[in-house]
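Below: one structure, written as structure tokens.
Throughout, protein chains are lettered first and strands after them, A, B, ... in sequence-line order, and every chain is numbered starting at 1.
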There are 2 protein chains.
Amino acid sequence: METLEGITGRSLTVAELVDVLRSAIVGGDLVPNQRLVEADLASEYGASRGNIRAALAELTVEGLVERVQNRGARVRAVSVEEAVEITEVRAALEALCARKAAERITEGEAAELQELAGRMKDAVERGDRDSYSECNQILHARVIDISAQQTAAATIHRLRGQAVRFQFRLARQPGRPAVSLPQHLAIIDAVCAHNPDAAADAMRVHLESVADVIRSTHT
Amino acid sequence: METLEGITGRSLTVAELVDVLRSAIVGGDLVPNQRLVEADLASEYGASRGNIRAALAELTVEGLVERVQNRGARVRAVSVEEAVEITEVRAALEALCARKAAERITEGEAAELQELAGRMKDAVERGDRDSYSECNQILHARVIDISAQQTAAATIHRLRGQAVRFQFRLARQPGRPAVSLPQHLAIIDAVCAHNPDAAADAMRVHLESVADVIRSTHT
DNA sequence: GCAAGCAATATTGTCAACAACTTTGTACCA
DNA sequence: TGGTACAAAGTTGTTGACAATATTGCTTGC
């Protein structure tokens with residue numbers, strides 16, 4: 001892989017570095033607890049150490065990186081307990097979004113969600129995990145989108161980045177689609193039926209069940 | 001006021017600057033939309049511009065400061081619409097905390113909350129706004145504490161910082177205590193009765209009513 | 001063989017200078 | 001009078017050098 005610096009000839013800005021490093025952490029190129037030595041990252045990504053340093057400071061506030069005084073930065077390792085907490089917070093926030101989405105949804109958007117429901121049923125019948133997983137992500141994103149809640153959306157997005165490793169494992173669990181499909185369909189039904197309370201409950205139940213699965217992997 | 005630099009003889013670290021600037025913004029010494037010129041802040045607080053710059057970057061991620069490329073930083077102005085959203089997110093998260101608190105609360109903690117309920121009733125009867133406002137803050141803080149939800153607590157705290165200006169106005173509204181006192185008592189009752197669903201509902205209803213008041217000030 | 005102290009190395013924290021960009025003010029021309 | 005081009009000032013973005021701190025490995029004495 002060629003670095004961006006190698007291609008463009010200029011060095012990366014702080015904002016670009018934040019994006020690049022965030023992707024590297026969320027994407028798993030930088031693994032939990034891995035040390036992030038400023039000088040190494042600087043030569044790796046073709047940036048000055050000062051900019052690397054600034055980027056690490058921002059990612060620390062985002063919760064992706066952990067720093068201790070005079071001892072440098074590491075990729076933050078999220079414990080199972082913490083992943084459960086994060087998922088519970090997501091449950092509360094996405095339930096809020098589902099509630100607002102049920103209040104605001106248009107007929108066009110409802111038709112779109114119904115079509116998505118069809119694709120999800122199909123995918124489960126065919127045993128197509130990748131397609132189902134994709135629909136899953138689209139559903140959650142669409143509900144947040146329709147809710148038009150900027151603050152909740154930003155918070156959910158940040159938390160997702162921290163726990164993405166656990167989500168990933170989850171989707172591969174055998175028998176998981178059979179459990180989650182009816183939950184997803186219940187969310188779609190309630191949102192499309194303009195039923196805020198039912199939509200919030202359905203979303204909360206769904207993500208609480210995700211939290212339970214994560215909890216159970218702790219043993 | 002003497003700067004910390006003037007007292008200690010050394011210049012401030014980035015971490016110290018973040019705290020100082022955060023307090024200044026939340027406390028209202030730096031008002032919304034006020035420009036934050038790095039060089040000015042540097043001489044004001046007796047720090048190097050580089051450290052000021054790093055501190056502003058962190059506060060930007062926290063949502064207290066707004067920056068645009070090459071045009072500097074300002075204190076972020078939170079709109080009424082945004083304050084409503086923030087309060088709704090707080091409603092969802094504090095409802096989660098109330099639920100968990102109801103599950104975990106000990107008898108000692110329950111007695112403490114009941115005593116707080118008494119003080120709140122007293123304060124309203126006596127018309128003592130300051131005391132009631134203080135109890136209010138203690139109640140919310142205690143419920144979050146008892147819930148032992150680190151992730152939710154950190155998120156609530158960050159959001160509170162952004163909307164603190166609106167909260168402040170609210171407490172001074174005439175007739176407000178008469179509305180909020182029964183809501184607060186309902187929260188305490190449900191949490192102490194180990195009733196998670198009721199606790200979550202009571203907290204959500206309470207903060208949604210706060211959101212309504214903020215919304216109504218827009219007109 | 002082992003622990004304590006010390007030197008060497010690695011790494012982070014801070015700073016001041018320089019470069020790049022944006023805005024403001026002014027002169028000139030239609 | 002209005003607008004455009006250009007110069008000047010103000011401010012932010014970036015970098016490399018230096019200082020402070022932590023870690024590692026070695027030596028020495030027991």
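- Between B:R35 atom CZ and C:dT24 atom C1' the separation is 12 Å, expressed in whole Å.
- In terms of phosphate contacts, A:R67 brings no side-chain nitrogen or oxygen within less than 4.0 Å of OP1 or OP2 of C:dT12.
- Closest approach of B:V213 and B:S216 over heavy atoms only: O-OG, 2.7 Å.
- Mapping A:Q69 and A:N51 onto DNA chain D by nearest heavy atom places A:N51 closer to the 5' end of the strand.
- Here C:dG13 presents its P atom at 16 Å from CG of B:L12, a figure rounded to the nearest Å.
- Applying the 6.0 Å contact sphere to NE2 of B:H194 captures more than 12 heavy atoms from other residues, nucleotides or ligands.
- Taking every side-chain heavy atom of B:V14 into account, C:dT14 is the closest of D:dA22, D:dG16, C:dT14.
- Atom CG in A:L17 sits about 14 Å away from atom P in D:dG13, given to the nearest Å.
- Counting non-hydrogen atoms under 4.0 angstrom, B:L56 reaches nothing in the nucleic acid.
- Taking 4.0 angstrom as the limit, A:R53 places a side-chain polar atom (N or O) nearer than this to OP1 or OP2 of C:dG13.
- In this structure, B:D40 places its CG atom 13 Å from C1' of D:dT12, rounding to the nearest Å.
- Rounded to an integer number of Å, the gap from CZ of A:R49 to P of D:dG16 is 11 Å.
- Atom CZ of A:R74 and atom P of C:dT11 are 12 Å apart (whole Å).
- One can place CD1 of B:I52 at 10 Å from P of C:dC15, the figure rounded to the nearest angstrom.
- Using a 4.0 Å heavy-atom criterion, one finds that B:L36 contacts the sugar-phosphate atoms exclusively.
- Counting non-hydrogen atoms under 4.0 angstrom, B:G72 reaches the backbone sugars and phosphates but no base.
- Under the 3.5 Å distance criterion, with hydrogens and angles disregarded, no donor-acceptor pair is assigned to the side chains of B:R160 and B:T87.
- Distance, A:E38 CD to D:dG16 C1': 14 Å, rounded to whole Å.
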